[in-house]
*Asks:* 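This structure is in structure tokens; I'll ask about it shortly.
Nothing here was measured: the structure is a model prediction, and the numbers come from that model.
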Amino acid sequence: MKNRNSFWGGVLTGILAVALVAGGIYLGNSAWIFWQNSRLQNASAQSGSSQAVSANSVATQNTLNKLNVIEETIDQYYLEDVGEQTLEDGIYKGMVEALGDPYSTYYAPDELEQIQEKTEGVYYGIGAYIGIDPETSLPRLSGIIDGTPAQESGLRAGDLIYQVDGTGVQGMELEQVTGLVKGKEGTSVHLTIIREGESDYLEVDVMRRKVESPTVNQKMLDDRIGYIQITEFDTVTLDQFVEALAACREKGMEGLILDLRGNPGGNLSTVCDIARQLLPEGLIVYTEDKNGKRTEYSCDGQHEMPEELVVLVDKNSASASEILAGAIKDYGIGTLVGTTTFGKGIVQRIISLTDGSAVKLTVSHYYTPNGNNIHEVGIEPDVEIAFDGDAYYNDGVDNQLDKAIEVMEEKLGTDDGGKDGQGG
């Protein structure tokens, strides 16, 4: 390992002001903070170094000396070769992992690039939404995009990924997993899958290709009932939702079924903008940081939805989708159908550093309009019904959607126009 002196010579960092997110990761405008800690060569210089950091900082000269000893020990005794950059990244990752927070992490520059690529909505991969299952620490497919390699290969929402190309992924950060799954167009990735109800692993080969990730899908289920699915809250989602809502209204929609199942979250500002297309005047959500500072996000009620509303949710509806579902439930303007949501009531912030790396940290709790903290609790539906996977994958029957239609038909009452049945 070369250039050890330059490695310990100093760490240049800067903080980039960023947008708050609920489940997703989005960068904002820049503002810099500079810090450098020089490695000194004698005792008097070490005394000066101690003054360069705060009294309770872990970045003391003793810490740096110990890290240096550990590095030299690895260099002398460790069986395999290891790069200096790998060790350096490990120091930063270890400090953040010590928080014990699954949503806080350190991103090396290449990992941050992958995150930025993901927010653009176009990538080379398999076409599945991936989250981390808190019970098993395994990646879980929270949703499958229609017409993608994932769907064509028979993958299902709820599948757990045990291995990617033979590499075990239990306990990995989400970004590490997606980095393994994505790759060059036309190449294949081998997934070892754990599926509920199966007695053994499923071995699935999926061919990567260009995937455009739509965030909103819309159709009419019959002449009166519109259906809009939001798969995540990205920067493009607001415009797509407004267009979808307008299309349903042009076709005479009297009631809307809003499908948030499998929605892992996304941009906080986006979900608030969509909430402003539905809610009455009042609070949408508020956050509180470690110092008790409260930030409120409100709606002026100018676009309060006049139609009936039913919202589909499940255990994979998380974060930003829970903000929307929670506000709808608190205001009593819609009926929630499905199963209890994931329970992610915290907000993360990306702090980007001048060397191209970044730190994502949990910075606040969020609360529904009625002051409910749903973290690790979730939101209970008004009408509970578990998803029947066998009926869906064997017969194409979505029992949760059928229940939502039933609830909507009760809201709308008798149709004197003689319209009948579920369409689309």
*Asks:* Indicate the atoms forming the closest heavy-atom contact of Y366 with S319, along with that distance.
*Replies:*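 Shortest heavy-atom contact: OH-O, 3.1 Å.
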
*Asks:* Measure the spacing between CG of L160 and CD of Q170 and express it to the nearest 0.5 Å.
*Replies:* 10.0 Å

*Asks:* Are any side-chain N or O atoms of D300 and backbone N or O atoms of Q302, one a donor and one an acceptor, separated by less than 3.5 Å?
*Replies:* yes

*Asks:* Short question: side chain of Q400, backbone of I385 - any donor-acceptor pair under 3.5 Å?
*Replies:* yes

*Asks:* Is the CD atom of E410 crowded by more than 12 outside heavy atoms at less than 6.0 Å?
*Replies:* yes

*Asks:* Please determine if R261 and D398 form a salt bridge, counting it only when a charged side-chain N lies under 4.0 Å from a carboxylate O.
*Replies:*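 A salt bridge is present here (some side-chain N lies under 4.0 Å from a carboxylate O).
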
*Asks:* Ignoring hydrogens and angles, tell me if any N or O in the side chain of H303 forms a donor-acceptor pair with the backbone of Q277 under 3.5 Å.
*Replies:* no

*Asks:* Less than 4.5 Å apart, any side-chain heavy atom of I132 and any of E173?
*Replies:* no

*Asks:* If you apply the rule side-chain contact (heavy atoms from CB on, under 4.5 Å), what do you find for Q218 with E243, and how did you get there?
*Replies:* CA-CA 9 Å; Q218 169 269 326; E243 291 176 6; over 6 Å; no

*Asks:* Measure from the side-chain N and O atoms of R349 to the backbone N and O of V359, and report whether any donor-acceptor pair falls under 3.5 Å.
*Replies:* no

*Asks:* As an exercise, state the distance from CD1 of I225 to CD of E308, rounded to the nearest 0.5 Å.
*Replies:*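 The CD1 atom of I225 sits 10.5 Å away from the CD atom of E308.
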
*Asks:* In this structure, are over 12 heavy atoms from other groups packed under 6.0 Å from N394 atom CG?
*Replies:*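 It does: N394 CG has more than 12 such atoms within range.
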
*Asks:* Stepwise, does the side-chain contact (heavy atoms from CB on, under 4.5 Å) test hold for V383 with E406?
*Replies:* CA-CA 11 Å; V383 178; E406 178 185 323; over 6 Å; no

*Asks:* Okay, side chain of D234, backbone of V236: is any donor-acceptor separation there less than 3.5 Å?
*Replies:*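 The answer is no, because no donor-acceptor pair under 3.5 Å joins these two groups.
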
*Asks:* Look only at the side chain of E111 and the backbone of A108, and say whether a donor-acceptor pair between them is shorter than 3.5 Å.
*Replies:*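 Looks like yes, one N/O pair under 3.5 Å.
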
*Asks:* Could you note down all residue pairs passing ring-ring contact (aromatic ring centres under 6.0 Å, His included) where residues 238-288 supplies at least one of them, sequence neighbours left out?
*Replies:* Y286-Y367

*Asks:* Are any of the side-chain heavy atoms of N217 and D146 separated by less than 4.5 Å?
*Replies:* no

*Asks:* Which pair of non-hydrogen atoms, one from E322 and one from G343, has the smallest distance, and what is that distance?
*Replies:* OE2-N, 2.6 Å

*Asks:* Any chance the side chains of T270 and D273 put a donor and an acceptor closer than 3.5 Å?
*Replies:* no

*Asks:* Kindly compute the distance separating CG (L401) from CZ (F387), expressed to the nearest 0.5 Å.
*Replies:* 10.0 Å

*Asks:* Between N370 and T368, do the side chains contain a donor N or O and an acceptor N or O under 3.5 Å apart?
*Replies:*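 No, no side-chain donor-acceptor contact under 3.5 Å.
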
*Asks:* I328 and L336: which non-hydrogen atoms are nearest, and at how many Å?
*Replies:*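 Shortest heavy-atom contact: CG2-CD1, 4.3 Å.
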
*Asks:* Distance from E232 atom CD to N267 atom CG, nearest 0.5 Å?
*Replies:*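 These two atoms lie 10.5 Å from each other.
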
*Asks:* Does K93 make a cation-pi contact with Y106 (under 6.0 Å, within 45 degrees of the axis)?
*Replies:* no

*Asks:* Could you check whether atom NZ of K403 has more than 12 heavy atoms from other residues, nucleotides or ligands sitting under 6.0 Å from it?
*Replies:*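 For K403, atom NZ is not crowded (no more than 12 foreign heavy atoms under 6.0 Å).
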
*Asks:* Would the distance check show the side chain of D402 and the main-chain N or O of I405 forming a donor-acceptor pair, the cut-off being under 3.5 Å?
*Replies:*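 A pair under 3.5 Å: no.
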
*Asks:* Mind checking whether E71 and I74 have side chains closer than 4.5 Å, heavy atoms only?
*Replies:*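 No, every pair of side-chain atoms sits at 4.5 Å or beyond.
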
*Asks:* Between the side chains of S357 and Y92, does any donor sit under 3.5 Å from an acceptor?
*Replies:* no

*Asks:* Locate the shortest heavy-atom distance separating P381 from T340; write the atom from each residue and the value.
*Replies:*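 Looking at all heavy atoms of both residues, the shortest contact is CD-N, 3.7 Å.
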
*Asks:* Of the non-hydrogen atoms in I130 and L174, which two are nearest, and what is the gap between them?
*Replies:*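 Minimum heavy-atom contact is O-CD1, 3.5 Å.
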
*Asks:* State, with a plain yes or no, whether a side-chain heavy atom of K344 is found less than 4.5 Å away from one of Y103.
*Replies:* yes

*Asks:* Give the C-alpha distance, both sets of side-chain angles, the deciding distance and a yes or no for side-chain contact (heavy atoms from CB on, under 4.5 Å) between T63 and K66.
*Replies:* CA-CA 5 Å; T63 304; K66 185 172 182 177; 5.9 Å; no

*Asks:* Among pairs that include at least one residue of residues 141-199, which meet ring-ring contact (aromatic ring centres under 6.0 Å, His included), considering only residues two or more places apart or in two chains?
*Replies:*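 The answer is Y162-Y201.
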
*Asks:* Is any side-chain heavy atom of I284 less than 4.5 Å from a side-chain heavy atom of Y331?
*Replies:*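 They are not in contact (no side-chain heavy atoms under 4.5 Å apart), so the answer is no.
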
*Asks:* Do Q85 and D89 meet the criterion of a side-chain donor-acceptor pair at a distance under 3.5 Å?
*Replies:*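 Result is yes, a qualifying pair exists.
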
*Asks:* Side chains of Q348 and T362 only: does a donor on one sit below 3.5 Å from an acceptor on the other?
*Replies:*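 T362 and Q348 do have a side-chain donor-acceptor pair below 3.5 Å.
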
*Asks:* Would you mind listing every salt bridge (Lys or Arg N to Asp or Glu O under 4.0 Å) that reaches into residues 186-208, with sequence neighbours excluded?
*Replies:*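 Only D159-R195 qualify under salt bridge (Lys or Arg N to Asp or Glu O under 4.0 Å).
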
*Asks:* Evaluate the criterion side-chain contact (heavy atoms from CB on, under 4.5 Å) for residue pair K411 and T335; output intermediate values, then yes/no.
*Replies:* CA-CA 10 Å; K411 286 174 173 285; T335 302; 3.0 Å; yes

*Asks:* Does any N or O in the side chain of D101 come within less than 3.5 Å of the main-chain N or O of L361, such that one atom is a donor and the other an acceptor?
*Replies:*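 Checking the backbone N and O of L361 against the side chain of D101, no donor-acceptor pair under 3.5 Å is found.
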
*Asks:* S317 and V313: which non-hydrogen atoms are nearest, and at how many Å?
*Replies:* OG-CA, 3.6 Å

*Asks:* With rounding to the nearest 0.5 Å, note down the distance linking CG in D222 to OH in Y227.
*Replies:*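 It is 14.5 Å, given to the nearest 0.5 Å.
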
*Asks:* Among E254, M408, R249, exactly one meets side chain to side chain contact (heavy atoms under 4.5 Å, CB included) together with E307. Which residue is that?
*Replies:*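 Exactly one pass, corresponding to R249.
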
*Asks:* Any donor-acceptor pair under 3.5 Å linking the side chain of S153 with the backbone of L155?
*Replies:* no

*Asks:* For the OG atom of S321 and the CG atom of L312, what is their distance to the nearest 0.5 Å?
*Replies:*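 Rounded to the nearest 0.5 Å, the OG-CG separation comes to 12.0 Å.
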
*Asks:* Verify, without hydrogens or angle tests, whether N316 (side chain) and G158 (backbone) share a donor-acceptor contact under 3.5 angstrom.
*Replies:*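 No, because the side chain of N316 does not come within donor-acceptor range (under 3.5 Å) of the backbone of G158.
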
